[in-house]
There are 2 protein chains.
Amino acid sequence: MLVTHAAGAPGSPPAGRAKLADVAALAGVSVGTASKALNGAGRMRPETRQRVLDAVAELGFRPNQHAQSLHTGRSWTVGLMTTDGIGRFSTPVLLGAEDALGAGKISVLLCDTRGDAIREQHHLRNLVDRRVDGIIVTGRRTDPRPPLTGITGLESVPVVYALSPSTDPADTSVTSDDRGGARLAVEHLLSAGRTRIAHVTGPEHHAAARDRARHGLEHLEGAGFGLSTGRVHFGEWSEAWGRRAADAVLRTAPDTDAFFCGNDQIARGVADTLRERGVTVPEDIAIVGYDNWDTMALASRPPLTTIDMNLTEIGRIAALRLLEAIDEGLAPGAHTVPCRLVVREST
Amino acid sequence: MLVTHAAGAPGSPPAGRAKLADVAALAGVSVGTASKALNGAGRMRPETRQRVLDAVAELGFRPNQHAQSLHTGRSWTVGLMTTDGIGRFSTPVLLGAEDALGAGKISVLLCDTRGDAIREQHHLRNLVDRRVDGIIVTGRRTDPRPPLTGITGLESVPVVYALSPSTDPADTSVTSDDRGGARLAVEHLLSAGRTRIAHVTGPEHHAAARDRARHGLEHLEGAGFGLSTGRVHFGEWSEAWGRRAADAVLRTAPDTDAFFCGNDQIARGVADTLRERGVTVPEDIAIVGYDNWDTMALASRPPLTTIDMNLTEIGRIAALRLLEAIDEGLAPGAHTVPCRLVVREST
DNA sequence: AGCAAGTGAGCAATCGTTTTCCTGAGGGGA
DNA sequence: TCCCCTCAGGAAAACGATTGCTCACTTGCT
């Protein structure tokens, strides 16, 4: 009697969120049966199941995920580590991943290391402690990065590298097809009849700059041509560099009839210089950029033809591979996502 | 005997991650004692505690967070809902929040609604199911948004709105001080001796455009002046609009000696037009932008003086308020973060 | 020496679900 | 009529850590 009294009037719903025991009580079954009714497991009379479902609806019951996770060992969570802030490149990747994962019941834990190894270890330990089902790692550049390491327990967590691959080929990576992107750009210019092509791009120590230059040149030479200035113009990823480089190119090789630029900022700088020199784009000189960064490509005069890396798709695919890895074990190796040519008025 | 055999050689560590029971066994104490040794609770011989700590170190033990969360009811997780993609504005806010929270042992669950109410409900339910300790909501604009609602159980979760406040004044919001920002801009121009100021900004249906225009004008009139063109030029947040508007302003009010622009893209457009018209900036006409968006402000010729909303700080403060709310209960009301004037060569 | 006070450590309940057994009732066949 | 089989549903043991309560053993004091 005393106990009953302290617990409130009999039949009155307990305060706070309903638990499965409340549902079971209301439906007049045991907790185990209620659980089975919810999960479809076990055989039971349809009528009983319905009574449980009604009770669930009436109480607005939602299972406690901590309890479920404790039991199953799964957290229905994946970690998303971005190694260098959340910038132009990691954001679409992140969105793609979030999209693919969120469609299921998996949530995304965001970890930003700001390029700091200490922070990375800190977050990594945290993720492992939370028993995440997997980890996606993404950097802001395409340069390979050393694999995650240094935390015990990490071995049992599948990891997928997106955009910036792991230096260890045994890891699973999803990257952009830089070779294909460069090929698309060069092919597009060639098919428009341009043969005196200049290439202005970012710093040589960036893999993106090196790779695009190399593959673009390969393709150009494969078609029997070379660079109009005889060399690649490495510099910075900035408009200012684009402007300066365009000047230099016009001086060195006035017969240049197209620019293939390492990114849209450079391309826009080139466009500005051409414009100021009275060169019409694309009639006199065509321009192709890289990245399809709207604010740059669209604001440029004229709007830029450019290569889109499909970053969102990279994130999506990385997420899908991670899901595969979680369910069926890791399928190591690199996977590249093709680029897309976006034609606008600069060609 | 049989059991011992099946469990492996006596003393051999069990496979998988170590649990507290393993630690206790190794240290020769009970599970409860091991727990107390770790948490500093309860009185015990220092030597016993040390034995437990040694065992923890040897096994690389880390507590299972699911078990802890189940027991304490806390998840050490907060949800971060961005309502409109993850863009220019939400990213710094997000980073600020992640920074402030990650310093402790709290992690961030990322939810992106893409402006879709269905998705918002979906994520919200998910967050509540995960028993998050709190939620930060951020939109990409400063327009107020309706408060989160529609999910049972949400009442007990503290929510802080960042950047875009809740329409309900009883909610906790952290926003940018648009009035102060506009004042900073106008004051800066006035103190440089400019009195014929034009204002070009975004669409009138954006609160940011309206507020900055209103407060800027108020301040201008307070100083005894008015807008050089007699009106605010509402339009779009684009460079193209900045270019067109600058043309219009020069035609209407050729004696204009300064532009205050609603964002950096517009400001850059204005700068481009002035440049092409042979007007020197800042000697003939000064320009102040808004947002301090590096890629715009720095690439502009000349680089733009602009207003920085301190978005990262907004995220940080939102996170701090959320932590307060979690620990001490909600402190409703609006909180504004002051802006910062960044002077560059356009003034 | 005997009793009270104090202290170190273990037991067991708890958090909320899932899942494996296991029981008991009812039906059908011999 | 009796036995066996089936199937609905309950009891209880996990999952791993925390914590209040209890017990046993030292001390210290009279």
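What's counted below: heavy atoms across the whole structure, side chains too, no hydrogens, waters or symmetry copies. Here is the naming used below: chain letters follow the sequence lines, and residue numbers restart at 1 for every chain. Everything numeric in this text was worked out from a predicted model, so none of it was measured.
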Q. Tell me: CG of D22(A) to P of dG16(C), nearest whole Å?
A. 9 Å

Q.
Output the rounded distance in Å from CZ (R43(A)) to C1' (dG10(D)).
A. 18 Å

Q: Examine distances only and state if a side-chain atom of R140(A) and a backbone atom of S90(A) form a donor-acceptor pair shorter than 3.5 Å.
A: no

Q | Rounded interatomic separation in angstrom, taking CZ from R51(A) and P from dA8(D) | A | 13 Å

Q: Give a yes or no answer on whether the side chain of R145(A) reaches the backbone of P165(A) with a donor-acceptor pair at less than 3.5 Å.
A: no

Q | Heavy-atom side-chain contact between N64(B) and R131(A) under 4.5 Å | A | yes

Q) So which one's nearest nucleotide on DNA chain C is more toward 5', V29(B) or L70(B)? A) V29(B)

Q.
Counting the atoms with a prime plus P, OP1 and OP2 as sugar-phosphate, which does T48(A) contact under 4.0 Å by heavy atoms, base, sugar-phosphate, or nothing?
A. sugar-phosphate

Q. In whole Å, what is the span from the CE atom of M44(A) to the P atom of dT23(C)?
A. 20 Å

Q | Side-chain N,O (R45(A)) to OP1/OP2 (dG9(D)) below 4.0 Å | A | yes

Q.
In this structure, how many angstroms lie between the C1' atom of dG16(C) and the CG atom of D129(B), rounded?
A. 14 Å

Atom pairs under 3.5 Å: protein N/O with N/O of nucleotides 17-21 of chain C:
residue: dT17(C); atom: OP1; partner: N64(A); partner atom: N; Å: 3.2
residue: dT17(C); atom: OP2; partner: L20(A); partner atom: N; Å: 2.5
residue: dT18(C); atom: OP1; partner: Q68(A); partner atom: NE2; Å: 2.7
residue: dT18(C); atom: OP2; partner: S35(A); partner atom: OG; Å: 3.0
residue: dT18(C); atom: O2; partner: H71(A); partner atom: NE2; Å: 3.3
residue: dT20(C); atom: O4; partner: K36(A); partner atom: NZ; Å: 3.3

Q: Specify the separation, in whole Å, of atom CZ of R74(B) and atom C1' of dA17(D).
A: 17 Å

Q: Check whether any side-chain N or O of Q68(A) sits under 3.5 Å from a backbone N or O of G73(A) as a donor-acceptor pair, and report yes or no.
A: no

(Q) What is the separation between atom CD on Q50(A) and atom P on dG9(D), rounded to the nearest whole Å? (A) 13 Å

Q | Results of side chain to side chain donor-acceptor pair (under 3.5 Å) for D133(A) - residues two or more places apart only | A | R74(A)

Q.
What I want to find out is whether R114(A) reaches D112(A) closely enough, with some N-O distance under 4.0 Å, to be called a salt bridge.
A. yes

